[in-house]
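I have placed the structure first, in the form of structure tokens, so that the comments after it can refer back to it.
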Amino acid sequence: APWVPAALALLGSPVGAHPVVVCSISVPVKAWCGIVAVSTGLGAFSQLQSDHYGADWKLQRGVCLALGACSAASLSMAVLFDSSAHPLAGIITSPEIAMHYVKDLVVVPLMLRNLAHLAGKTPNAVLPSITWALLSSCAGLGAAVARPPAAQSAFLLFNTGAVTFAAHGVARLTPWAGVLSTANRDAVRWSSALWILTWQIYPLVHSLYLGDLISIGKVVCTFELLDLVSTLGSTLLLIRSADAVRAAGHRAEMHALLEGMAQSVDAASAGFGIGFVQEEPCSEPGPGSSPPH
């Protein structure tokens, strides 16, 4: 991928008073954060104006909210990045890294919901992955806030493990997407693969910073680059096929219709003391099978 050399260049550049890469001092860091903010902001605006979604306003809203939140976080980083003058510098060990994990608490659930939608599943299907992703972000936030090295290492270790569990749940969406169409399967597969790949890099970069191997400027630039890839890149892969978006929209309408019918039946049967329990199987679909309605 073309962003890999850029990430390696950021991490591999020397740490010193006279850095040789443009992202090693505060002003270029601010500029890089501004570029990411503008890119994701334009992405959110273009998706808001797009007719690619048809009547599937849920997916359109989820995509715009995820890109908009990422843009706002990058813009705030561009304004506030300065370790010495940061308003939280005296309270938090790494305020710039902490801001990144706070943004993830908003963006990640939206991204996972979008993946589930295109796979023809409800948000409840990715609730375990969302939970693990939120725990991962909280652990990363703890590593950025804590001061004792042992606590930082413990939080970061838990962060890595939680990311692994979240990724396992996300990977299970691909077979369900294949039931809808080949386009849905490919979109979910490549989008989730890119998201999983980038999310495995965040703890690595954070650990390099805790080991005093890279500067805070390189951490921020690398995080912003990964944010751009995992948010904008994964979104573009997810919605690239209009057929996949339409198929997911039809399945969402079917889910809403069946849910409404089920509520009507429950309401009608309540007076007779009859209850119905609906369960959604958690296993992956077998060959030639179709997801439950």
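For the numbers below, each heavy atom of this structure counts, side chains included, while hydrogens, waters and symmetry mates do not. Residue numbers run from 1 in the order of the sequence given.
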With heavy-atom distances below 4.5 Å as the criterion, would you say the side chains of [X] and [Y] are in contact?
{"X": "Val126", "Y": "Leu115", "answer": "no"}
{"X": "Asp186", "Y": "Arg240", "answer": "yes"}
{"X": "Ser46", "Y": "Leu42", "answer": "no"}
{"X": "Tyr101", "Y": "Leu105", "answer": "no"}
{"X": "Val170", "Y": "Leu112", "answer": "yes"}
{"X": "His100", "Y": "Lys103", "answer": "yes"}

N/O donor-acceptor pair under 3.5 Å between [X] side chain and [Y] backbone:
{"X": "Ser207", "Y": "Leu204", "answer": "yes"}
{"X": "Trp132", "Y": "Phe165", "answer": "no"}
{"X": "Thr231", "Y": "Leu228", "answer": "no"}
{"X": "Gln60", "Y": "Gln47", "answer": "yes"}
{"X": "Gln152", "Y": "Ala146", "answer": "yes"}

Rounded distance (nearest 0.5 Å) linking atom [atom1] of [X] with atom [atom2] of [Y]:
{"X": "Ser230", "Y": "Trp195", "atom1": "OG", "atom2": "CH2", "value": "8.5 Å"}
{"X": "Thr122", "Y": "Arg113", "atom1": "OG1", "atom2": "CZ", "value": "10.5 Å"}
{"X": "Ile201", "Y": "Leu208", "atom1": "CD1", "atom2": "CG", "value": "11.5 Å"}
{"X": "Leu156", "Y": "His206", "atom1": "CG", "atom2": "NE2", "value": "6.0 Å"}
{"X": "Asn184", "Y": "His117", "atom1": "CG", "atom2": "NE2", "value": "9.5 Å"}
{"X": "Ile196", "Y": "His168", "atom1": "CD1", "atom2": "NE2", "value": "10.5 Å"}

Co-membership, hydrophobic cluster, residues [X] and [Y], 4.5 Å side-chain:
{"X": "Leu236", "Y": "Leu67", "answer": "yes"}
{"X": "Phe223", "Y": "Ile216", "answer": "yes"}
{"X": "Val106", "Y": "Val163", "answer": "no"}
{"X": "Leu213", "Y": "Tyr202", "answer": "yes"}
{"X": "Val102", "Y": "Val108", "answer": "yes"}

Starting from the C-alpha separation in whole Å, work towards a yes-or-no answer on side chain to side chain contact (heavy atoms under 4.5 Å, CB included) for Ser192 and Thr174. CA-CA 8 Å; Ser192 60; Thr174 301; 4.2 Å; yes
